[in-house]
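Note that this is a predicted model, so its numbers are computed, not measured. Order of the sequence lines fixes the chain letters, A, B, ..., with proteins taken first and strands second; residue numbering starts at 1 for each chain.
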Amino acid sequence: MTNTLFRLGYVAMSVHLKNSSPSQTMTYKRYSQFDDEEAAVHKLESVAQSNVQNCLRLLKHNKANDIHFFRLSSRLVPLATHEALKGWDYIKPVKKDLEDLGDFADRNQMRIDFHPDHFVVLNTPRKEVLKTSFLTLDYHYKLLTNMNVSPRHRCVLHLGGKYESKEDSLERFITNWSYVPERIQEMIMLENDDKTYHIHDVLYACEKLNIPAVFDLHHHLANHEQENWIKEWDRILNTWNASPHAVKMHISSPKSKKQFRAHADTVDSDMFLQFAKEVNGSTGQIDCMIEAKKKDEALFQLVKDLKSNPEVEMVDEASFYLKA
DNA sequence: CGCTGTCAAGACGAA
DNA sequence: TTCGTCTTGACAGCG
């Protein structure tokens, strides 16, 4: 058996790097309060530039800590898809910064991706919502291509709402999928959610439409048909066969029994190790996205715990093998 | 400086 | 049908 390489990543922002927010914003309300529209757009553009530049600072911080897996904030360009700013070329002011960002990620072999906000709902019965969802996905597509990063399998989505009937709504995802432009389809991965669509539903859609399945262990514990997920692990792996990327997972711990679905500050290392042992050897590499309130600090704390465990062999500060 | 309220989006359940 | 809640980080404004 070949041991699996586990690589750790984190989400969007750092609690260590000062003044490095990649999601500074300007609300539509603020925007519309400007007397001078040109000045308002200028302000938007400088916020966007600062956001993208801060992403590069974050990647440099990641490099210094051996972190090669990172989720970019979806809020890099405020109001990019807002109806009132139709016609605004929101890429132009950040094009150079996007190129620098993508170039750095490429030179340092970093995996970067997105998790668009839950307002992207592909199984919606409402045409307007589907339309704005496409617009938002196209925004992500433009960000990626302007970074010169291949858009393939870079955006994690959920199946969507339950509406009047879960079964009908799952089928509506399949129907609506055929309206999604092919270049957008290629960007997408699907993740099990914590309220409606569990891993079996996700696998149904993924196998039918040839989409990689991102398994979220925390969501699974909150929402499942059958608690034992390991039986489905091979199916999950198989959805990644056609992907250029390693299998991707989401790891987080519940905040409390009462607030089970909310993310805790950090990740429980025992739970994580137990998971790692169960899947060790099943595939060459698994990229584990740490979703915790303390962001990169949660990753550092997890690594500290891993290092003190004799079964763990660290490769660097953010990846490891389990000893056979 | 720290706290509270506001902002934005779509789903959804209560009234 | 309308309204409050969920969720998240940013940030205006208050004391």
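Straight-line distance from the CG atom of D193(A) to the C1' atom of dT7(C): 14 Å, rounded to whole Å. One atom, CD of E291(A), and another, P of dG9(C), lie 11 Å apart when rounded to the nearest Å. Atoms CD (Q24(A)) and P (dA12(C)) sit 10 Å apart, rounded to a whole Å. When rounded to the nearest whole Å, the span between NE2 of H263(A) and C1' of dC6(C) equals 14 Å. Regarding K293(A), its NZ atom lies at a distance of 6 Å from the P atom of dT8(C), rounded to whole Å. Rounded to whole Å, the distance from CG on N19(A) to C1' on dG9(C) is 15 Å. Summarising the geometry, the separation between CD on Q33(A) and C1' on dC11(C) is reported as 13 Å, rounded to the nearest angstrom. Whole-Å rounding puts the R261(A) CZ to dC6(C) C1' distance at 8 Å.
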With B for base contact, S for sugar-phosphate-only contact and - for none (protein heavy atoms under 4.0 Å), nucleotides 2-12 of chain B reads -----SSBBSS
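Taking the ring centroids of H220(A) and H250(A), they lie at or beyond the 6.0 Å cut-off.
Residues Y31(A) and F34(A) share a hydrophobic cluster, clusters being chains of Ile/Leu/Val/Met/Phe/Trp/Tyr side chains in contact below 4.5 Å.
Residue contacts for S73(A): at a heavy-atom cut-off of 4.0 Å it reaches no nucleic acid atom on any strand shown.
Under the ring-ring contact (aromatic ring centres under 6.0 Å, His included) criterion, the residue pairs touching residues 83-111 of chain A are Y90(A)-Y139(A), with sequence neighbours excluded. Every pair tested for ring-ring contact (aromatic ring centres under 6.0 Å, His included) that includes a residue from residues 42-61 of chain A fails, sequence neighbours excluded, so the list is empty.
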N/O to N/O distances under 3.5 Å, protein versus nucleotides 1-4 of chain C:
none

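Inter-residue side-chain proximity for D138(A) and R183(A) is flagged as met; some heavy-atom pair is nearer than 4.5 Å.
Across dT5(C) and dG5(B), the matching P atoms stand 13 Å from one another, rounded to whole Å. Here the separation of dT7(C) from dA14(B), taken at their P atoms, is 16 Å to the nearest Å. Comparing dC7(B) with dC3(C), their P atoms are spaced 16 Å from each other, to the whole Å.
H245(A) is linked by a ring-ring contact (aromatic ring centres under 6.0 Å, His included) to nothing, counting only residues two or more places apart in sequence or in another chain.
The structure places CG of D89(A) at 8.5 Å from NZ of K142(A), a figure rounded to the nearest 0.5 Å.
A parallel orientation is assigned to the rings of F272(A) and F275(A), their planes being inclined by less than 30° (bins at 30° and 60°). Using bins of under 30°, 30° to 60° and over 60° for the plane-to-plane angle, the ring pair F114(A)/H140(A) lands in the perpendicular bin. Between F215(A) and W229(A), the ring planes lie tilted relative to each other; the angle falls in the 30° to 60° range.
Consecutive pairing runs in DNA chain C reach the stem threshold at B:1-8 with C:8-15, B:10-15 with C:1-6, where a stem means at least three Watson-Crick or G-U wobble pairs with distances under 3.5 Å.
A side-chain hydrogen bond (donor to acceptor under 3.5 Å, both in side chains) with H200(A) is found for exactly one of R235(A), E232(A), Q226(A), namely E232(A). Just one residue in the list V214(A), N223(A), D216(A), I236(A) forms a side chain to side chain contact (heavy atoms under 4.5 Å, CB included) with I199(A), and that residue is I236(A).
Within the structure, every side-chain polar atom (N or O) of S23(A) is placed at least 4.0 Å from both OP1 and OP2 of dG9(C).
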